[in-house]
Amino acid sequence: MTQPITLITGASRGLGAATAEVLAAKGHHIIALARTTGALEELDDRIQTKGGTTTLVPLDVKDEEAVKRLCISVNERWGGLDY
């Protein structure tokens, strides 16, 4: 089975970060999206320490063009999302 690809918005802290960590521990590759780069990097460190993988996406979901580019990139790289 391939690694599920999961996009988490608001992943820099709180519920988003906790969800990302739990799903990464279950074998998901996490695409972590948030505005705060430093907090995303801290999340990445925690996930990698436990053997998980992430792709960090620092952007604001209100930026429609950036979200469109993200969608295209995800489709090109992974063929879409699982979750």
Side-chain angles (χ1 to χ4, degrees):
M1 182 175 173
T2 61
Q3 189 178 31
I5 307 300
T6 304
L7 173 69
I8 306 288
T9 62
S12 63
R13 62 180 68 91
L15 184 58
T19 301
E21 290 184 63
V22 167
L23 291 174
K26 294 182 180 220
H28 292 237
H29 175 76
I30 302 299
I31 301 172
L33 188 151
R35 291 177 294 168
T36 312
T37 302
L40 282 174
E41 290 171 348
E42 292 171 7
L43 172 68
D44 183 47
D45 290 344
R46 291 192 305 271
I47 289 174
Q48 285 190 28
T49 297
K50 297 174 185 171
T53 61
T54 59
T55 298
L56 304 181
V57 182
L59 71 80
D60 186 336
V61 295
K62 293 184 279 183
D63 182 344
E64 188 176 328
E65 291 304 313
V67 172
K68 286 178 185 178
R69 288 190 304 273
L70 171 63
C71 293
I72 291 167
S73 295
V74 166
N75 190 56
E76 288 174 351
R77 184 167 181 185
W78 293 286
L81 296 171
D82 295 301
Y83 300 95

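These figures come from a predicted structure and were not determined experimentally.
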Gap separating the [atom1] atom of [X] from the [atom2] atom of [Y], nearest 0.5 angstrom:
| X | Y | atom1 | atom2 | value |
| --- | --- | --- | --- | --- |
| I72 | K68 | CD1 | NZ | 8.5 Å |
| L40 | D45 | CG | CG | 11.0 Å |
| L33 | L59 | CG | CG | 4.0 Å |
| T19 | I30 | OG1 | CD1 | 9.0 Å |
| Y83 | L23 | OH | CG | 9.0 Å |
| C71 | L81 | SG | CG | 8.0 Å |

Taking all non-hydrogen atoms of both residues, which atom of [X] and which atom of [Y] are closest, and how far apart?
| X | Y | answer |
| --- | --- | --- |
| V67 | D60 | CG2-O, 4.4 Å |
| G27 | Q3 | O-CG, 2.9 Å |
| P58 | T37 | CB-OG1, 3.5 Å |
| L43 | A20 | CD2-CB, 4.1 Å |

With H29 as reference, evaluate D82, T54, T55, T6 under the side-chain hydrogen bond (donor to acceptor under 3.5 Å, both in side chains) test and give the passing residue.
->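 Going through D82, T54, T55, T6 one by one, the side-chain hydrogen bond (donor to acceptor under 3.5 Å, both in side chains) with H29 is satisfied by T55 alone.
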Are V22 and I8 joined in one hydrophobic group, where the rule is that I, L, V, M, F, W and Y side chains link up if heavy atoms are under 4.5 Å apart?
->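 V22 does not cluster with I8.
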Before giving the answer on side chain to side chain contact (heavy atoms under 4.5 Å, CB included), spell out for V57 and L7 the whole-Å C-alpha distance, their side-chain angles and the decisive distance to 0.1 Å.
-> CA-CA 10 Å; V57 182; L7 173 69; 5.7 Å; no
Would you call E65-R69 a salt bridge at under 4.0 Å N-O?
->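 No, no charged N to carboxylate O under 4.0 Å.
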I5 and R77: CA distance, side-chain angles, deciding distance, side chain to side chain contact (heavy atoms under 4.5 Å, CB included) verdict = CA-CA 11 Å; I5 307 300; R77 184 167 181 185; over 6 Å; no
